[in-house]
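Input: a single structure, listed below in structure tokens.
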Amino acid sequence: MLGPQRMDGLLVIASVRAVDPSANLDAIVDVVIEGGTITRIGAGAATSDILTSERARVLRGEGLLLVPAFVDLHAHLREPGQEYKEDIASGLAAAAAGGFAHVCVMPNTRPVNDTRSITEAMIAKARSIEGPTLHPIGAITIGQKGAELVEMADLKDAGAVAVSDDGRCVTSSAVMRRALEYAANFDLPVIQHAEDHALTEGSLMHEGAISTRLGLRGWPRVAEDIIVARDVLLAEVTGAKYHVAHVSSRGAVRILREAKARGIRVTAEVTPHHLTLTDASVIGYDTACKVNPPLREPEDVAALCEALADGTIDAVATDHAPHSSLEKDCEFAEASPGMIGLELVVPLLLARVREGALPLARLIDALTAAPARIVGLAAPTLRAGALAELCLVNADKRWTVDPARLRSKSKNTPFLGKAVTGSVELTMAAGRVVHDVLAQGEAR
Ligand SMILES: NC(=O)N[C@@H](CC(=O)O)C(=O)O
Ligand SMILES: [Zn+2]
């Protein structure tokens, strides 16, 4: 349910700890939002005139954390074609609840988003909903078949912010080279799902001691590393913008670190689940733990966290991949890979911050300015004059991941029923309140 704040209203958040690394900000401030714009921010910005104004909704910010709203580079909203798993409305509602103002959506819909008309239809649908802004990612190849390139100029013109065959890897070096060369003309980043399919045929989880014990065919790290290494070389010769989706292996981290040190234009993202879970989660054969790329070993999780902390991995992306009970309540071998993620970013990653594995400011950058830069969006920021795109977090609130509370149509997460700490209390996107749990039981 939305709160009383509208575009023309006055919202005041008083005495809140605001953290925005892009504005060099970490301080207790008041924030005044008028007509969807941050008009004042700073200590004492909420003057008594403002606080007593009839028009004002005043939120007490003590004990809360205010950050720019998040930008997701990788979500599967399943519309068109698989609306029983998710649709644009439910996916954007989940994004709002998770603290997101912008969601880049992958093209592995039915049909695949490889044309202007599908890109435009997705944008039109999202515009009819008062929620976070949707940004389509077009396919690299027609039908994501890995052969013929799409009309990238058309897709870009229609509003696509990047291209990707996500779900499938562009395995042909020749196709990938041409894709990078072509995309460079339009300054479109090429996002790779790095998986050498020849090495992962029939795989169900990470290849290691646990897959051997469980008798499940494994996906070795090297299947990811080979593609990342090859693509880094292609990015170097083409000068194109290359981005690696959902990095999961420590080998890929090493290759990215070397590539960046050599000045090659590469960027990368990591998911909350790869930063928190290992292949040991698969021991109970819980199909919610089946995901591509697979959950790996503790050494990989540590390497991913370190790489996110030092900026080798630029961004956190959810890879929100909803699947219904039809695809998940079955044998492990038959289950579709993927887990939902939009609504769990804050509790999962604040836990890593509390453990000291990740500085808070870096995490906020990785959820806001860094992903925005990769796809060329204006990053949400906490500055006077900026569009209000922000997120109010209660870092200490404990809640249970109850299926009834999740806005996503699908409930495929291994965190179901688990208690977590850290909740998104209010989200503003494009100047509007799109998620508000404070409105209930509030004095005014
Ligand atoms: N991550 C997954 O396991 N699945 C994704 C595809 C993808 O992101 O590769 C999906 O679309 O379900
Ligand atoms: Zn993928």
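Numbering of ligands and ligand atoms starts at 1, following listing order.
For residues 222-252, every residue pair satisfying the ring pair (Phe, Tyr, Trp, His ring centres under 6.0 Å) rule, not counting sequence neighbours, is listed here: H74-H246, H193-H246.
Close contacts of ligand 1 with V291, meaning ligand atoms under 4.0 Å from a residue heavy atom, involve 3 (O). Contact atoms of ligand 1 toward H193: 9 (O) (distance under 4.0 Å to a heavy atom of the residue). Each of the following atoms of ligand 1 lies closer than 4.0 Å to a heavy atom of H323: 12 (O). Atoms of ligand 1 lying under 4.0 Å from at least one heavy atom of D166, given by number and element, are 6 (C), 7 (C), 8 (O), 9 (O).
Contact annotation: for M106 versus ligand 1, there are no heavy atoms closer than 4.0 Å.
Counting non-hydrogen atoms of neighbouring residues, nucleotides and ligands closer than 6.0 angstrom, the CZ atom of R177 reaches no more than 12 such neighbours.
With 3.5 Å as the limit, one finds a donor-acceptor pair spanning the side chains of E327 and S324. With no hydrogens or angles considered, a side-chain donor-acceptor pair links H206 and E297 at under 3.5 Å. T400 and D402 share no side-chain donor-acceptor pair at under 3.5 Å.
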Chi angles and distances behind the side-chain hydrogen bond (donor to acceptor under 3.5 Å, both in side chains) call for N394, S423: CA-CA 5 Å; N394 182 337; S423 115; 5.9 Å; no
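When hydrogens are left out, the protein atom nearest atom 5 (C) of ligand 1 is H76 NE2, 3.6 Å; that is the closest non-hydrogen contact. In this structure, the protein non-hydrogen atom closest to atom 12 (O) of ligand 1 is R78 NH2, 2.8 Å.
Taking distance alone, with nitrogen or oxygen atoms compared against 3.5 Å, P337 approaches ligand 1 more closely than that limit.
Compare D165, T109, N292, T271 by their heavy atoms: the one nearest to atom 3 (O) of ligand 1 is in N292.
Among the backbone and side-chain atoms of H74, none of the N, O or S atoms lies under 2.8 Å from the Zn ion (ligand 2). The Zn ion (ligand 2) has an N, O or S atom of D166 closer than 2.8 Å.
Residue H193 approaches the Zn ion (ligand 2) most closely through its N/O/S atom ND1. Counting just the N/O/S atoms of H246, the one with the shortest distance to the Zn ion (ligand 2) is named NE2.
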